[in-house]
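The next block holds one structure in the form of structure tokens; read it before the comments.
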Amino acid sequence: MKNIIFLLLLFLYIPMQVFAQSSKKALESRSVSGIVRDEKGVAITDANILLTSIVDSILVKTNKYGTYTFSDVKNAEFVLSVSHISYGGFTQKYLMNDLKAVLSLPPIVLKEEHVLKEVYISKEGPLFKKDTVEYWAKDYIVRDYARLQDLLKRMPGISIGTNGTVYFNGQEIKNAKFNGIRYFSGDVKAIIKELPADIVERIQIIDDYGDESHGEIKRDDPVKTLNVVTKEDKSAGTMYSLLSGYTNTERYKAEIGYKSIDFMDQKNFKIGASREPLGLARFDATGSIAERQIQVPAVGTNGALFEKGRHNNYRGETSTNTAWGRLKGDHYYNGNFYNLGGVQRTFSESSLGEGILNENNQSDIKENGMKHSLRSILSYTGRRKDMLNLTLDINYEQFDQESSSDIVKKGIISQSENINKRLKTRKPSFFVNGSYAPHLFKTDGTDLVINYYLSSNPAKSTQSLEQRIIGHHSISWEENQNTENFNSTISATLRHQFAPKLKGKISVGGNLITENNNRSVFDLLGQQNIDSISRHYSTNKQTYHTKGELQIEFVRNLSLELGLTFLRLGFEGRVHKANDLGYQNSDGYLLPSFKVNWQMASRGSLELSYQQYVNTPLFRQLYALPFMENQSMVSYGNPFLKNVKRHSFNFNLNRYFTHQKLSLGLLAFLNISENQIVTQQKLVTDPKYGMRINNYYLNASGDKQLMLVNTLSKSFGKWSLKLNGNSQWTQMPFFNYEIEDLSKSLSTSQVFSLSTMLNKWLDLDMGTRYEYSKRASEIMPNVNNSMWSFDFKSNIYLPKNFRFSFNVTQRLIDGFGSSTPNNKPFVVNGNIEKRVFKRKNAILSLAIIDLLKQNIYPVRQYTTFGYQDRITNQNSRFFQLQFLWEPQNWKASRFRTDTRKGDGSFK
């Protein structure tokens, strides 16, 4: 009987203990320590210890006693890899108790070897972890003097656009880090062209939610980030640059700069001046200097629309960092002064219900202006681990423009116009973005974050307009417009971990957007105000949200996020002159969302998501009285317009096949809109202003958009193959007079490239680009265009540090432009360069662009009712002499410690 009772108690006790253990919450982090010895029991110093798991990647070294410690390990299941230059390697997987805060591992014994052996992750392509994709630089071969961009081009899944934008499987990388710390202002285009490839140990593509160990508060939405992990002895450096260039077509560029970086200690200074022609067709310059130039952001009027002209730009930038106790700051300044002058010439055709309207427009434009930007990023960590992040942006922009346009309209209306304009605009603005994380909870897994955003964008402009419509009249106006915008947002997010595989968060917040627009127009001929065009209105939009979200991990690599948002939208607008409320409305919505994420071991990931959005119409689309936008366009609002609801579906697949050495990426976006706002345009003849377009706003259904982005990379021997492309299908409702129609369009652009370093003196790069566009509707003319482009590039490395580069491009245009003399342009660019000075850190080059002067062709932009054509700048051929000096010095960081995190930073 006693035995029976004992067995019964034991039977009840065991599951109770198991349940008690399983109900305990796993620790967020733990420390792992141990010792490394040789076969004789002697401690081994400076052994590399790499700990990796699905969320960890930490590298440390053993001290003089042979011991090591990892202080912030997120997962209790990990792999430990040990290497030393004089000993054999050691790799073992550990499955430890996730309830213990301190883990001690058994001693690790290494066998002595007399062969120099490098130990690192095997050459099996990228490694996928939870939020990180990692590449080892040793797996990829680049030339001497290569830059980071040359290394990235050889990595599967990574591509670089012609403007320097970096993509990972079709997703744009928007931020740059250096050993886990923001690289100056986070400019991706700068880091890939400035850093040498030989200092790089690893490349990481991160979905960055913010790193609390570096003073960053966790974000809800990740930022796709490029993190460069350098070799430990090259983790700090100084970079100088001196550039000068001149051409036979008054094209020049001069620049001098300095940068130094050591962990958070970063300083930068650069000034430059340049003159560029406007409206040149796209071309790929060759040579080392061209490959390392960072494209300067355009300022002023869109230069791509010019047929001829030039743009002068003078710019400067500087940055530094400060530290006052626990308050750290990074500060940046950027300034631009510019002037431009040129000719814009366009031809457009529109189908407007009653017939075809053709318009020829030639404009002479002169413009000068300036733009200044000042940014400070501050972070503070309190004694109680309270954290504050604050970003302050102050901007000022101004420009003065003069233009003279001759316009000839033919078709359903014949009319000639001459318009002279003088425009002055001033735009000061500021932005404040702050996050505060108070340390209120003692338990791990619970935190509160308060976010605040404030911005103001006032603008003041004065425009003088003289218009002469032959056969009708002449007008002379002076217009003054003042616009004030204010945007304020505050939200609070509470996160809590209920169980090891169950997390939740709730967010509440509000947004207020106000606009005050005051426009007055004075008739200089009649010496009176023009009330039909003058207006003064203000709007007020309020948004309140409450969002709940639950994250469930079903198995180790599969997670599900479910969300539900209650959204309250309020909107009101008032025209002050009419003393009328104008419009007022308030609506509430329940918006569901979900996201499924699957990590495919260490070689890929799959994500599916769905989200709903709601947008309110603009005030001028709602207000019933006519708004005269300008002398030739009047808008009539519709107070019965409904809010636009958009359903967004996203699909993201990243996969690397190890044995085939094949990287595959596929992105898909599907957007379906309800109550899409469309414009109904009617052409009327005004006895005073001549031809005029009236705009009417209506809700319509049937708006859909599907976009696919495909990437494929394949390596075989010395050859590398890549296929990058995007395709888009769009269905858009529109009105042509009283007739409602659907415009269906399909476009695709695919780029196939094959590259190799064939031997020590020859690089080859062959590519084919195919572009296709098609548009069809019931009442509009159909569009069917295509273009093939065949490219051949080569670098030839000659003795005595000479390099000869060239690229040849043949384009074949079918459809639009096929009847012009430039439907088969053959473009040849070349460059000869030599490295000079003792360290070979300077380059002298001579380049020729468009040797045959054929890089001139028509460009078409499609509009809702037709198209607009222009011809690129015909002054496309030039010779360019350039000199670049880039001395750099890299060494170990003064912040170096025995413990190095997986992102390259030191503890």
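- Within a 6.0 Å sphere centred on OH of Tyr65, other residues, nucleotides and ligands contribute 12 heavy atoms or fewer.
- For Phe498 and His496, the distance between ring centers is under 6.0 angstrom.
- Cation-pi geometry between Arg655 and Phe657 is met: under 6.0 angstrom from the ring centre, within 45 degrees of the axis.
- Between Lys74 and Asp72 there is a salt bridge, since a side-chain N of the basic residue sits under 4.0 Å from a carboxylate O of the acidic one.
- Contact check on Arg495 versus Asp220 returns a salt bridge, with a Lys/Arg side-chain nitrogen under 4.0 Å from an Asp/Glu carboxylate oxygen.
- To the nearest 0.5 Å, atoms OG1 (Thr165) and NZ (Lys189) are separated by 4.0 Å.
- Asn389 and Ser379 form no side-chain donor-acceptor contact under 3.5 Å, judged by distance and modelled atom types alone.
- The CZ atom of Phe90 sits 4.5 Å away from atom CD1 of Ile108, with the distance rounded to the nearest 0.5 Å.
- The nearest pair of heavy atoms linking Thr230 to Arg900 is O-NH2, 2.8 Å.
- Judged by distance alone, the side chain of Lys722 and the main-chain N or O of Ile158 form a donor-acceptor pair under 3.5 Å.
- A distance-only check finds no donor-acceptor pair linking the side chain of Arg896 to the backbone of Phe906 [under 3.5 Å].
- Contact check for Phe70 versus Lys901: no side-chain heavy atoms found under the 4.5 Å cut-off.
- Remark: the Thr711 side chain and the Asn169 side chain contain an N/O donor-acceptor pair separated by less than 3.5 Å.
- Shown here are the ring-ring contact (aromatic ring centres under 6.0 Å, His included) partners of Tyr135, two or more places apart in sequence or in another chain: there are none.
- Residues forming a ring-ring contact (aromatic ring centres under 6.0 Å, His included) with Tyr258 (at least two apart in sequence, or on another chain): Tyr240.
- Among all heavy-atom pairs drawn from Tyr656 and Pro156, the shortest one is CE1-CG, 4.0 Å.
- In this view, Asp221 satisfies the side chain to side chain donor-acceptor pair (under 3.5 Å) rule with no residue, not counting sequence neighbours.
- Between the CD1 atom in Ile377 and the CG atom in Asn321 there is a gap of 11.5 Å [rounded to 0.5 Å].
- In this structure Arg202 satisfies the salt bridge (Lys or Arg N to Asp or Glu O under 4.0 Å) test together with Glu134, sequence neighbours excluded.
- Looking only at atom types and distance, the side chain of Trp598 has no donor-acceptor partner in the side chain of Asn557 under 3.5 Å away.
- Here the straight-line distance linking atom CG of Asp386 with atom CD1 of Ile217 works out to 9.5 Å at 0.5 Å rounding.
- Take Arg147 and apply the salt bridge (Lys or Arg N to Asp or Glu O under 4.0 Å) test, not counting sequence neighbours, and it matches Glu886.
- Salt-bridge check for Asp150 with Arg143: failed, with every basic side-chain N at 4.0 Å or more from each acidic carboxylate O.
- When the salt bridge (Lys or Arg N to Asp or Glu O under 4.0 Å) test is applied to Lys793, the partners found at least two apart in sequence or on another chain are Asp284.
- Note that CH2 of Trp761 and OH of Tyr797 are 12.5 Å apart. Values are rounded to the nearest 0.5 Å.
- A salt bridge links Asp208 to Arg219: at least one charged side-chain nitrogen sits closer than 4.0 Å to a carboxylate oxygen.
- Pairing each heavy atom of Ser288 with each of Arg803, the nearest pair is OG-NH1, 2.7 Å.
- With hydrogens and angles ignored, the 3.5 Å screen pairs a side-chain donor or acceptor of Ser893 with a backbone N or O of Phe895.
- The environment of Lys100 atom NZ is sparse: at most 12 non-hydrogen atoms of other residues, nucleotides or ligands sit within 6.0 angstrom.
- For Ser794, the side chain to side chain contact (heavy atoms under 4.5 Å, CB included) partners at least two apart in sequence or on another chain are Leu762, Leu764, Phe792, Ile796, Phe806.
- In this structure, a donor-acceptor pair under 3.5 Å is present between the side chains of Asn597 and Gln599.
- Using a cutoff of 4.0 Å between basic side-chain nitrogens and carboxylate oxygens, Asp144 and Arg835 are not scored as salt-bridged.
- Applying the ring-ring contact (aromatic ring centres under 6.0 Å, His included) rule to Phe802 yields no partners; only residues at least two apart in sequence or on another chain are considered.
- Scanning all heavy atoms of the two residues, the minimum distance from Gln171 to Asn654 falls at NE2-ND2, 4.2 Å.
- Taking Asp207 as the reference, Lys224 meet the salt bridge (Lys or Arg N to Asp or Glu O under 4.0 Å) condition, with sequence neighbours excluded.
- Judged by distance alone, the side chain of Gln204 and the main-chain N or O of Gly902 form a donor-acceptor pair under 3.5 Å.
- Ring-plane geometry between Phe128 and Phe168 is classed as tilted, the angle between the planes lying from 30 to 60 degrees on a 0 to 90 degree scale.
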Atom pairs and distances, donor-acceptor, side-chain atoms in residues 713-720, under 3.5 Å, two or more places apart:
residue: Ser713; atom: OG; partner: Gly157; partner atom: N; Å: 3.1
residue: Lys714; atom: NZ; partner: Gln660; partner atom: O; Å: 2.3
residue: Lys718; atom: NZ; partner: Leu758; partner atom: O; Å: 3.0

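- Applying the side chain to side chain donor-acceptor pair (under 3.5 Å) test to Lys234 and every residue at least two apart in sequence or in another chain returns nothing.
- Leu50 pairs with exactly one of Leu59, Leu80, Val60, Val82 by the side chain to side chain contact (heavy atoms under 4.5 Å, CB included) rule, that one being Leu59.
- Residues passing the side chain to side chain donor-acceptor pair (under 3.5 Å) test with Asn175: none are found, sequence neighbours excluded.
- A salt bridge is defined here as a Lys NZ or Arg NE, NH1 or NH2 lying under 4.0 Å from an Asp or Glu carboxylate O, and Lys503 with Glu553 fails to meet this definition.
- When all heavy atoms are compared, the tightest approach of Ile199 to Leu195 is CD1-CD2, 4.4 Å.
- For the residue pair Asp903 / Asn227, no side-chain donor-acceptor distance below 3.5 Å is found, with atom types taken as modelled.
- Lys661 contributes atom NZ, which lies 14.5 Å from atom CG of Leu721 (distance to the nearest 0.5 angstrom).
- Between Leu151 and Ala137, the shortest heavy-atom distance links the atoms CD2-CB, 3.9 Å.
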